[in-house]
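Here is the structure we will look at, set down as structure tokens.
Chain A is the first sequence line, chain B the second, and so forth, proteins listed ahead of strands; every chain is numbered from 1. A quick note: this is a predicted structure, and the numbers were derived from the prediction, not measured.
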Amino acid sequence: MIMRSLAPNLRQNTSSRLNPNHLSNIIGNIKHSFYHQTFRTNFSSSSVTHFRQDISQTNYLIASHVRRGDPVSAWILFHSLRRARAVVDAYTFTSVLRACTLLHVSQLGIQVHAQMLKTGADSGTVAKTSLVDMYSKCGSLDEAVKVFDEMSQRDVVAWNALLSCFLRCDLPVEAVGVLRAMGRENVEVSEFTLCSALKCCASLRALELGRQVHGLVVCMGRDMVVLSTALIDFYSSVGCVDDALKVFCSLKGSKDDMIYNSLVSGCVRNRRYGEAFRVMGSVRPNAVALTSALVGCSENLDLWAGKQMHCVAVRQGFTRETQLCNALLDMYGKCGKVSHAQLLFDGICEKDVISWTCMIDAYGRNGRGPEAVLLFQEMRMRKEGRKVLPNSVTFLSVLSACGHSGLVEEGKKCFKLLREKYGLEPDPEHYACYIDILGRAGNIEGVWSAYHNMVEQGTRLTAGIWVALLNACSLNQDVERGELAAKHLLQLEPNKSSYIVLVSNFYAAIGRWDRVDELRSIMRSKGLLKEAGNSWIKVLGFNQHVRSLSV
DNA sequence: CTAGGGTTAG
């Protein structure tokens, strides 16, 4: 009972950034429920002996809690063992580490690691591999790499775990480095390795390399459903849907949901709607397939296809699935249909933080800042239903809504709330929005004081920050500091044409036409084109999506 | 007991 009531809280806090307050709450809750559990199931001294005799059975029990997806029970049981000073072994720890991973609370994992060090259970390859996995899944990449470095014996599983670390953190170049190291060390690759290699190729859009991996997959000839799914995903990401379809059609043997989902998603992302609908017609689409298809429609800004997906979702009776409704609502918001988004939002029974954030964003991106701010207010003040806390993405949506609609005071208030009321640390993106708001309001001193604030806090100075600063300087004719921002931006991203255009616009704004000409010739010499832009225009009362290309 | 494929917000 206690565990069940805990579960939603835990799930809600598995986002990438944990609020320290929430964290202590989680640990507090776990301790609290552990306390009750201990008394209710009374782990008496006879149970302790029982544990000691049957550690392998207890290990099995912990492992089955984890397998069932109930990490809280696993943790409670483990904690009871420790309190009873029962002898635990490496098997216990590996299961418990998986529980920590599912809870996504690295503090618990660190505790377990410490206990492993104390008992010497951390030395084996399997134990170290579980530690690598736990740290990387809890977001501590550095710790994961550290543990890997300490390993004296590394088998292919350990290497694969490290590979997954980098892929999880979206560091495909580093992942390729791991693959190279595996080659140097003559590690015999497994199908897991090939799977990760395909993921690397997909995110790097490395078509040729991926084709080579495809060759290895064929040679290996095992676990074809999983590897075929990865192949379909890879070919779709590099725009070769036909190859993806070939992989799918040539697959002998049984096909599961995932491979269908991957194919549907790939077809939609590449605007091959006909094939996508054909696949969905042959096998009943599940909610996941529709969700990923809707993301494709949003990316393509394709309202027509999105509406078709909506129809399919209604026919299949998925209208109560929050995740799917969120994807639908987001699609309508991105395609400019705020009222459709609103209808969907109102119909979601169990609104989560993503529902709220998508709706706020739908208002904001369609120039309806005041409604975005109002909805944010409503979210924060809501009494009925389960409390949903805004996270850093929610704040970003509100701030950007304020920026687009020139709501200076609301933006300032929101930025203050972020840290003071919700204990979140502003990301560079938050600062960029904030600087943008102040710059548009003509408050150039506020802009630079926000900048100094960032430097003091040690926030990363990203290209986005320099863009925001540069825009503010253009608007406010802040020549000197604008040149500084321009210099930093071009240093950070010398080959991005959109940034060169931005800098050139700054020089045009302050009347330095010599610099404008200079930048134009730089662009020409680098062979850079200005990327296509997207915009919505209203034609005969209909929103029309327009792509423009200028040189 | 450890590693792998499709799933919502920036």
**Message:** Looking at A:K334, I'd like to know whether one of its side-chain N or O atoms comes within less than 4.0 Å of OP1 or OP2 on B:dG10.
**Reply:** yes

**Request:** State whether A:R98 places a side-chain N or O below 4.0 Å from either non-bridging phosphate oxygen (OP1 or OP2) of B:dT2.
**Result:** yes

**Request:** Indicate, with a heavy-atom threshold strictly under 4.0 Å, whether A:Q323 touches base, sugar-phosphate, or nothing.
**Result:** base

**Prompt:** Does A:I55 offer a backbone N or O that forms a donor-acceptor pair with the side chain of A:D89 under 3.5 Å?
**Reply:** no

**Message:** Starting the side chain at C-beta, find the nucleotide from B:dG4, B:dG5, B:dA3 nearest to A:E191.
**Reply:** B:dG4

**Message:** Has A:K387 got a side-chain atom pairing as donor or acceptor with A:R380's backbone, closer than 3.5 angstrom?
**Reply:** yes

**Interatomic distance where CZ belongs to A:F345 and P belongs to B:dA9 [whole Å]** = 16 Å

**Asked** Counting only N and O atoms by type, is there a donor-acceptor contact under 3.5 Å from the side chain of A:T92 to the main-chain atoms of A:V88?
**Response** no

**Request:** With heavy atoms under 4.0 Å as the rule, sort A:V225 into base, sugar-phosphate or nothing.
**Result:** base

**Point-to-point distance, once rounded to the nearest 0.5 Å, from CG of A:L194 to CG of A:N160** = 9.0 Å

**Listed nucleotide nearest any side-chain atom of A:T291, set B:dT8, B:dG5, B:dG10** = B:dT8

**Message:** Under 4.0 Å, heavy atoms only, any strand: does A:K255 hit a base, just the sugar-phosphate, or nothing?
**Reply:** nothing

**Asked** For the pair made of OH in A:Y60 and C1' in B:dC1, what is the distance, rounded to whole Å?
**Response** 13 Å

**Request:** Check if the side chain of A:D361 and the base of B:dG10 share a donor-acceptor pair of N or O atoms closer than 3.5 Å.
**Result:** no

**Message:** Of the options B:dA9, B:dA3, B:dG10, whose atoms approach the side-chain atoms of A:D427 most closely?
**Reply:** B:dG10

**Prompt:** If you check the A:I354 side chain, which of B:dT8, B:dT2, B:dG4 turns out closest?
**Reply:** B:dT8

**Item:** Between P of B:dA3 and NZ of A:K137, the distance in whole Å
**Value:** 5 Å

**Complete:** Separation of B:dT7 atom P from A:R168 atom CZ, nearest Å, is 16 Å

**Message:** Here's one to test your reading of the geometry: is the NZ or CZ of A:K351 within 45 degrees of the ring axis of A:F345 and under 6.0 Å from its centre?
**Reply:** yes

**Asked** Rounded to whole angstrom units, what separation is found between the OH atom of A:Y91 and the P atom of B:dC1?
**Response** 9 Å

**Request:** Examine the side chains of A:H65 and A:R68 and answer whether a donor and an acceptor come within less than 3.5 Å of each other.
**Result:** yes

**Request:** Taking only heavy atoms on the protein side, list every residue of residues 178-189 of chain A lying under 4.0 Å from any atom of DNA chain B, sorted numerically.
**Result:** none

Can you give the donor-acceptor pairs under 3.5 Å from side chains of residues 210-221 of chain A to other protein atoms, not counting sequence neighbours?
{"from": "A:R211", "atom 1": "NH1", "to": "A:D243", "atom 2": "OD1", "distance (Å)": "3.4"}
{"from": "A:H214", "atom 1": "ND1", "to": "A:Y235", "atom 2": "OH", "distance (Å)": "2.7"}

**Request:** Counting heavy atoms from C-beta on, name the nucleotide in B:dT8, B:dT7, B:dC1 closest to the side chain of A:S265.
**Result:** B:dT7

**Message:** Is the positively charged end of A:K128 above the ring of A:F148, judged by distance under 6.0 angstrom from the centroid and angle within 45° of the axis?
**Reply:** no

**Request:** With the side chain of A:V226 defined as its heavy atoms from C-beta on, choose the nearest nucleotide among B:dG6, B:dG5, B:dA9.
**Result:** B:dG5

**Asked** For the side chain of A:N286, counting heavy atoms from C-beta on, which of B:dG6, B:dG4, B:dT8 is nearest?
**Response** B:dG6

**Message:** Just to be sure I understand the rule, does A:S228 reach a base, reach only the sugar-phosphate, or reach nothing, if contact means heavy atoms closer than 4.0 Å?
**Reply:** nothing

**Request:** Measure from the side chain of A:S95, starting at C-beta and using heavy atoms only, and say which of B:dC1, B:dA9, B:dT8 lies closest.
**Result:** B:dC1

**Asked** Across the strands shown, which category fits A:S292 at heavy-atom distances under 4.0 angstrom: base, sugar-phosphate, nothing?
**Response** sugar-phosphate

**Asked** Using a cut-off of 4.0 Å on non-hydrogen atoms, how would the nucleic acid contact of A:N59 be classed: base, sugar-phosphate, or nothing?
**Response** nothing

**Request:** Could you check how far CG of A:D256 sits from C1' of B:dG4, rounded to whole Å?
**Result:** 13 Å

**Message:** If you only use heavy atoms from C-beta on, which nucleotide in B:dA3, B:dA9, B:dG5 is closest to the side chain of A:V353?
**Reply:** B:dA9

**Item:** Distance under 6.0 Å and angle within 45° of ring axis: A:R278 vs A:F248
**Value:** no

**Prompt:** How many Å lie between CG on A:N391 and C1' on B:dG10, as a whole number?
**Reply:** 10 Å

**Prompt:** Under 4.0 Å between a side-chain N or O of A:K199 and OP1 or OP2 of B:dG5?
**Reply:** yes

**Item:** Atom pair distance, as rounded to whole Å: NE2 in A:H430 and C1' in B:dG10
**Value:** 8 Å

**Asked** If you look at every strand shown and take non-hydrogen atoms under 4.0 Å, does A:D155 touch a base, only sugar-phosphate, or nothing?
**Response** nothing

